[in-house]
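None of the values given here were measured: they were computed from a predicted structure. Quick note: numbers below take in every heavy atom, side chains included, and nothing from hydrogens, waters or symmetry partners. Throughout, protein chains are lettered first and strands after them, A, B, ... in sequence-line order, and every chain is numbered starting at 1.
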2 protein chains.
Amino acid sequence: MKNFIQMAENILREDGLRLTKPRSMALNFLAKENQPLTPYEIRDLLKEEGEKADVVTIYRILEEFERLGLVHKVTLLGRYIRCSDLEMETHCEKDIGCHHYLICEKCSKVQEISGENLHDLERVIEKKTGFEVKNHFLEFLGLCKKCKK
Amino acid sequence: MKNFIQMAENILREDGLRLTKPRSMALNFLAKENQPLTPYEIRDLLKEEGEKADVVTIYRILEEFERLGLVHKVTLLGRYIRCSDLEMETHCEKDIGCHHYLICEKCSKVQEISGENLHDLERVIEKKTGFEVKNHFLEFLGLCKKCKK
DNA sequence: CTTTCTGCAAAAGGTTTGCAGTTAG
DNA sequence: CTAACTGCAAACCTTTTGCAGAAAG
């Protein structure tokens, strides 16, 4: 956790971004929670600590964080979660084996898993984590034959 | 394509739903296009054929279609695509091996593929379809250990 | 100091809801 | 006929944009 924050701050600095109060606090909450948060939730968390920040600012902060590989957006939830230490260290931006999430339909808690075979994976997941996979979303982004040319 | 429409109409009937003009035409366009459409696009297509329908109606229609397994929502695009004949026949609701989509970042065209191993799959995809996979989105929905109890 | 960030106001989408009127079966 | 469906208006929620003022380095 401390690790994440330090690495993140370095990455920000390297990119020439300033370490402002909202950015720093957003990093802290993302690290502490270790669960995906909405921009509004982050705004509220800041407010609880006496730092009022506009949601617009949080949106812009998260946009930068995502670009720098500090957070992922969990598409199905519209929430942002901090990248794992592993992802940060290996700088495995969009690699296979990263950012696979298990989203509980009931409590909305998210756990990260890594692995590569979907079929086997589901079985392994159920055995190792006790998570009962009901549905999965798999979509590929890229360039089709025509557009590649 | 004709197949899809007939099967879909049967499924609607079996569920006690009425075969109205907007529903029937939406089915036709989804079948004909074979590409994911937004509710607004469907509304416009209907309008072009002289049938004006409200977007709200289209939203409600698509909601029903999804419930009945006639269409899938392509999460990343916010669009709806007709289920494949295979899916309809096997009634493979949420099964592994279904609804995997390749989304072109440039032309936004979508192709469906089936297969189960993600790693191998990407390689196979590139060879078979010429689609260059840049990124994939994989998220699982289900119940975590706690919530399962 | 000067560039970068933030706050505020406002707009822009996308989606949902309630209710009265219309239509399929 | 009568339950189901649709249209309209409005609300709601999330996200984006522009610009002037504030703050980091």
Side-chain angles (χ1 to χ4, degrees), chain A residues 5 8-30 36-47 49-68 70-81 108, chain B residues 5 8-30 36-68 70-81 103 108:
Chain A
I5 294 175
E9 289 182 352
N10 283 335
I11 292 172
L12 286 181
R13 223 173 280 128
E14 279 167 26
D15 200 69
L17 297 183
R18 295 178 180 173
L19 192 64
T20 63
K21 211 53 174 292
R23 279 183 184 155
S24 160
M25 288 179 74
L27 277 180
N28 268 279
F29 282 117
L30 286 162
L37 300 168
T38 65
Y40 283 85
E41 286 168 345
I42 294 174
R43 193 261 325 257
D44 293 342
L45 287 169
L46 295 214
K47 191 184 277 175
E49 305 234 327
E51 179 74 15
K52 76 162 189 167
D54 199 283
V55 198
V56 175
T57 300
I58 309 296
Y59 269 101
R60 292 195 264 232
I61 286 175
L62 290 170
E63 193 182 4
E64 295 294 284
F65 284 5
E66 197 172 25
R67 183 176 61 78
L68 295 172
L70 308 182
V71 300
H72 282 310
K73 181 170 188 176
V74 181
T75 320
L76 295 177
L77 302 178
R79 288 159 181 267
Y80 294 82
I81 190 169
S108 298
Chain B
I5 295 175
E9 291 182 351
N10 283 335
I11 292 172
L12 286 182
R13 222 171 283 126
E14 279 167 25
D15 199 69
L17 297 183
R18 294 177 180 175
L19 192 64
T20 63
K21 212 55 174 291
R23 280 183 184 155
S24 161
M25 290 178 73
L27 278 180
N28 269 279
F29 282 117
L30 286 162
L37 302 168
T38 65
Y40 283 85
E41 286 169 343
I42 294 174
R43 193 263 324 257
D44 293 343
L45 287 170
L46 295 214
K47 192 184 276 175
E48 280 172 25
E49 305 233 327
E51 180 75 16
K52 77 161 189 170
D54 198 283
V55 199
V56 175
T57 300
I58 309 294
Y59 269 101
R60 292 195 265 230
I61 286 175
L62 289 170
E63 193 182 5
E64 295 293 283
F65 284 5
E66 198 173 25
R67 182 176 61 79
L68 295 172
L70 306 182
V71 300
H72 283 309
K73 181 169 191 177
V74 181
T75 320
L76 294 177
L77 302 177
R79 288 160 181 268
Y80 294 81
I81 190 169
I103 307 167
S108 298

Please table the atom pairs, donor to acceptor, closer than 3.5 Å between any side-chain atom in residues 11-25 of chain A and protein atoms at least two apart or in another chain.
unit_1: A:R13; atom_1: NH1; unit_2: A:N10; atom_2: OD1; d: 3.0
unit_1: A:D15; atom_1: OD2; unit_2: A:R67; atom_2: NH2; d: 2.9
unit_1: A:T20; atom_1: OG1; unit_2: A:R23; atom_2: N; d: 3.4
unit_1: A:R23; atom_1: NH1; unit_2: A:R18; atom_2: O; d: 2.8

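Side chains of B:L37 and B:L45 form a contact here, defined as non-hydrogen atoms less than 4.5 Å apart. Considering only heavy atoms from C-beta on, A:L27 comes within 4.5 Å of A:E9 through its side chain. Counting heavy atoms from C-beta outward, A:Y80 and A:H72 have side chains that stay 4.5 Å or more apart. You'll find the side chain of B:L62 reaches within 4.5 Å of the side chain of B:I58, heavy atoms only. Side-chain contact check for A:N28 versus A:I5: some heavy-atom pair is nearer than 4.5 Å.
Between the CG atom of B:L77 and the OG atom of B:S108 there is a distance of 6.5 Å, given to the nearest 0.5 Å.
In this view, A:E41 and A:R79 satisfy the salt bridge (charged side-chain N to carboxylate O under 4.0 Å, His left out) rule, not counting sequence neighbours. By the side chain to side chain contact (heavy atoms under 4.5 Å, CB included) test, A:T75 pairs with B:T75, B:L76, B:F137, B:E139, sequence neighbours left out. Residues that satisfy the side chain to side chain contact (heavy atoms under 4.5 Å, CB included) test with B:V56, not counting sequence neighbours, are B:D54, B:R60. Under the side-chain hydrogen bond (donor to acceptor under 3.5 Å, both in side chains) criterion, A:R43 pairs with no residue, sequence neighbours left out.
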**Prompt:** Along nucleotides 20-25 of chain C, 5' to 3', which nucleotides get a B, which get an S, and which get a -, given that the test is a protein heavy-atom distance under 4.0 Å?
**Reply:** ---BBS

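Note that the first and last nucleotides of DNA chain D, 5' to 3', having any atom under 4.0 angstrom from a heavy atom of chain A are D:dT14 to D:dG25.
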Close N/O contacts between protein and nucleotides 12-17 of chain C (under 3.5 Å):
unit_1: C:dT15; atom_1: OP2; unit_2: B:Y59; atom_2: OH; d: 2.4
unit_1: C:dT15; atom_1: O5'; unit_2: B:Y59; atom_2: OH; d: 3.1

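In this structure, A:I42 places its CD1 atom 13 Å from P of C:dT6, rounding to the nearest Å. As rounded to whole Å, 11 Å separates atom P of C:dT4 from atom CZ of A:R23. Rounded to an integer number of Å, the gap from A:R43 CZ to C:dG7 C1' is 13 Å.
Summary for the helix from C:dC1-D:dG25 to C:dG25-D:dC1: the axes at its two ends, each from 5 pairs, differ by 40° when rounded to the nearest 10 degrees.
Closest heavy-atom contact between A:G78 and A:P39: O-CD, 4.4 Å.
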